[in-house]
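Note on naming: letters A, B, ... go to the chains in the order of the sequence lines (proteins, then strands), and numbering restarts at 1 for each one.
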Amino acid sequence: MSIGLSEQEIFRREAMQQLRNLGIDPYPPETFPVNANAKDIAENFEANTEAYQDVVIAGRIMSRRIMGSASFAEIQDATGRLQIYIKRDDISPGEDKTMYNTVFKKLLDLGDFIGVRGYVFTTQTGEISLHVRELTILSKSLKPLPVVRREEDGTIHDAFTDPEMRYRQRYVDLTVNPEFKQIFINRSKVIRTMQSYFDSNGWMEVETPILQSVHGGAAARPFTTHHNTLDMPLFLRIANELYLKRLIVAGFDGVYEFGKMFRNEGMDRTHNPEFTSVEIYVAYKDYIWMMAMVEQCLEKVARAIHGLPIVKFGEHELNFAGPYEKLSMYDSILKYTAIDVSAMDEVALREVCKQINVPVDATMGKGKLIDEIFSEKVEHHLIQPTYITDYPIEMTPLAKKHRSKPGLVERFELFVMGKEIANAYSELNDPIDQRERLEEQLLLAGRGDEEAMAMDDDFLRALEYGMPPTSGLGIGIDRLVMLMTGQTTIQEVLFFPQMRAEKKVKVVTVDDFVNIGVPAVWVPVLNKMGFNTVEELKAGNPNKVFNDLGGMRKKLKLDISMPTKDEVMAWFV
RNA sequence: GAUUCCGUAGCUCAGCUGGUAGAGCAUAACACUUUUAAUGUUGGGGUCCUGGGUUCGAAUCCCAGCGGGAUCACCA
């Protein structure tokens, strides 16, 4: 018997072996011809009882109520649960009642996958159920699932809620907490809705490199790696912006990419080291045009999930139907602090920060100071979708200078629930201006700013060939999905959020012990005594081990022959 | 990174001022032909996260570590 298994796991392995002994494959290879699902039966049976007289469905056993020669069980498939009714003489029609008495009652467990064929009926208590005629084992489950019980009124008993276990073992989470599957179904819907909207406008979905030799397009610290054959460092992309712009140079009028970005920074409930974004670039457009596009797009997304442009989030009702409120960055600060910063220089801004208790440090320039005031005093007020426009040029090296306001760029960010979810520019396509702005970033990098953008000579070369006027947009998909599904942590919208590495349990094999002369039957006993590795055993006192083995043999009523003292002493040589 | 809380059976959790480790569900055995958290009776199941320390004695007190949550900071 294996080491370290709980009693329940041992029982399940024994049951699996007994199935094999009965000639039943616990993991059969054949296609199982399912012709219905739980949701379909629950919704349509009553209107059309005739159609459900020969139903085949499959799923996990999630509960069992055995009463002598008849039983009820619930099976759960991808769509929900269905009660099944199993009568001994139906699944074991002849003299041999093994199928019911042994296979169903003894050898099946909660969590096993089975397939059943039969007819649908309504029980005396009014529950739509499947009367089983044939039962097929599809996959034996060797580890017990947590049992979560739900009552009609929604009360949940023994809920499986430990976030660590839920995220590390998402397969268990979604099995026993199937309501969380809806978040991921909606996530998929968000992405598909956006894709089909973009496609319907003739914009093309593309893929660009994830491994990049220059990490550009955003301000963030990258993950670094190394290519052996080329013997060169590579970075996991922090953004794909510069590649998509190259494709606009290449002559595509509209390109977009959904994909993972990687940033080697902190993790919390709104940040995961890898996250999904969409970026889209459309030629001959500007950021004003882009605002209308975003409004249309997000309204479609909200409707796809909720049927309405209204999304409930906590106590708020967010309205994604445009047009959204528009405020310039300076006006937003004026609105929420009554201070006009538009004409202030760095010294004056510093004084303002001091007055209104916004913490600053000496390295901050004008752009950064304004950004601090905005984050501190404005952001959290922006609950309904709101565009903040026209940012100071210092912090935005890839956006075009404002057509009429010196010192600003043509940029907007969309805020909802106090969080930024989209960022867009009239893209900078003047190659000389672009080179100067990236050179300023190099100066910042020289001063120790780890997030300053790197120079990308190939990108500049592309711009020199000429890029049409273009508007670009980036949306953080994870945060958008959080908004659309009412979640407050990014982990809830990621199937497999990043976690610290699980503590490695030292793997011991029986062979290690057998190799030093311990009979295999005694290995579990040694484990029980606390010797989980050969090293631990050798560090023990041989005489005590010998005595204790005898004691364990008696205590556990083991019917195995005792090794001689000399044999035991030999283990320690 | 800081603060704080948590880690006990397969799951959810109790365990007081330190004194032989508990409950419900799950699980095993028996009974039971329409149950609904099925029921009744009887069992088994524990590295009390890890390592030190204090103590005659530690799940409990102290220290360190590991893992997780929350809040804050950082980070578009």
Pairs where residues 83-95 of chain A contributes a residue and the test salt bridge (charged side-chain N to carboxylate O under 4.0 Å, His left out) is met, not counting sequence neighbours: A:Asp89-A:Lys97
Using heavy atoms to find the nearest nucleotide of RNA chain B for A:Phe160 and A:Ser69 separately, return the residue whose nucleotide is more 5′. A:Phe160
Under the side-chain hydrogen bond (donor to acceptor under 3.5 Å, both in side chains) definition, can you give me all pairs with a residue in residues 409-420 of chain A, not counting sequence neighbours? A:Tyr391-A:Glu413, A:Thr396-A:Arg411, A:Arg403-A:Glu410, A:Glu410-A:Ser426, A:Arg411-A:Glu413, A:Arg411-A:Asn423
For B:A21 versus B:U47, give the span between their P atoms, rounded off to a whole number of Å. 14 Å
Answer for the Watson-Crick or wobble partner of B:A9, both distances under 3.5 Å, is none
A:Ser69: partners by side chain to side chain donor-acceptor pair (under 3.5 Å), with sequence neighbours left out: none
In whole angstrom, give the distance that lies between atom OH of A:Tyr85 and atom P of B:C32. 15 Å
Quick one: list whatever passes side chain to side chain donor-acceptor pair (under 3.5 Å) with A:Lys143, sequence neighbours left out. A:Glu9
Return yes if the base of B:U35 and the side-chain atoms of A:Gln83 contain a donor-acceptor N/O pair under 3.5 Å, otherwise no. yes
Take atom C1' in B:A37 and the same atom in B:A73, then report the distance between them in whole Å. 46 Å
Please state how far atom CG in A:Asn177 lies from atom P in B:U12, giving the value in whole angstrom units. 10 Å
May I have the distance from A:Glu265 (atom CD) to B:G1 (atom P), rounded to whole angstrom? 15 Å
B:C11 and B:A26, which share atom name P, separated by this distance in whole Å: 15 Å
Sequence neighbours left out, what pairs pass salt bridge (charged side-chain N to carboxylate O under 4.0 Å, His left out) with at least one residue falling in residues 172-181 of chain A? A:Arg150-A:Glu179, A:Arg166-A:Asp173, A:Arg170-A:Asp173
Does a salt bridge link A:Lys140 with A:Asp109, judged by any charged N lying under 4.0 Å from a carboxylate O? yes
From CE of A:Met329 across to P of B:A76 the rounded distance in Å is 14 Å
Given that both distances must come in under 3.5 Å, which nucleotide forms a Watson-Crick or G-U wobble pair with B:U71? B:A2
How are the rings of A:Tyr287 and A:His402 set relative to one another: parallel (under 30°), tilted (30 to 60°) or perpendicular (over 60°)? perpendicular
Who pairs with B:U34 - Watson-Crick or G-U, where each distance is under 3.5 Å: none
Between A:Phe258 and A:Tyr256, what is the ring plane arrangement, given parallel below 30°, perpendicular above 60°, and tilted in between? perpendicular
Protein and nucleotides 25-30 of chain B: nitrogen or oxygen contacts under 3.5 angstrom:
residue, atom, partner, partner atom, Å
B:C25, O3', A:Arg149, NH1, 2.6
B:C25, O2', A:Arg149, NH1, 3.3
B:A26, OP1, A:Arg149, NH1, 3.2
B:A26, OP1, A:Arg149, NH2, 3.4
B:A26, N3, A:Gln8, NE2, 3.1
B:C30, OP2, A:Lys106, NZ, 2.6

Gap in Å between the two C1' atoms, one belonging to B:C13 and one to B:G7, rounded: 12 Å
Starting from P on B:A76, measure out to CD on A:Glu394 and report it in whole angstrom. 16 Å
For B:C16 versus B:G22, give the span between their P atoms, rounded off to a whole number of Å. 13 Å
Pairwise C1' distance, B:A58 and B:C49 [rounded to whole Å]: 16 Å
Name the closest nucleotide to the A:Met67 side chain, picking from B:A76, B:C11, B:U34. B:U34
Comparing A:Val148 and A:Thr122 on RNA chain B - which has the more 5′ nearest nucleotide: A:Val148
List in chain and number order the residues that pass side chain to side chain donor-acceptor pair (under 3.5 Å) with A:Glu257, two or more places apart in sequence or in another chain; answer none if no residue qualifies. A:Thr208, A:Arg237, A:Asn240
Name the nucleic acid region contacted by A:Glu74, choosing base, sugar-phosphate or nothing; use a 4.0 angstrom heavy-atom cut-off, strictly under. nothing
Could you work out, with side chain to side chain donor-acceptor pair (under 3.5 Å) as the rule, every residue matching A:Arg65, not counting sequence neighbours? A:Gln83
Describe the nucleic acid contact of A:Phe121 in one word from base, sugar-phosphate, nothing, applying a heavy-atom distance below 4.0 Å. base
Separation of B:U35 atom P from A:Arg65 atom CZ, nearest Å, is 10 Å
Could you tell me which nucleotide pairs with B:A58 by Watson-Crick or G-U wobble geometry, both distances under 3.5 Å, or answer none if nothing does? none
Describe, in one word, how the ring planes of A:His131 and A:Tyr85 are oriented to each other, choosing from parallel (under 30°), tilted (30 to 60°) and perpendicular (over 60°). perpendicular
Pairwise N/O distances under 3.5 Å, protein to nucleotides 68-72 of chain B:
residue, atom, partner, partner atom, Å
B:G68, OP1, A:Arg500, N, 3.2
B:G68, OP2, A:Arg500, NE, 2.7
B:G68, O4', A:Glu164, OE1, 3.3

Interatomic distance at C1', B:A59 relative to B:G18, whole Å: 10 Å
Could you state the atom-to-atom distance from CZ of A:Phe72 to P of B:C32 in whole Å? 17 Å
Take the protein atom NZ of A:Lys143 and the nucleotide atom P of B:G45, then report the distance between them rounded to whole Å. 19 Å
Separation of the C1' atoms in B:C48 and B:U60, to the nearest angstrom: 10 Å
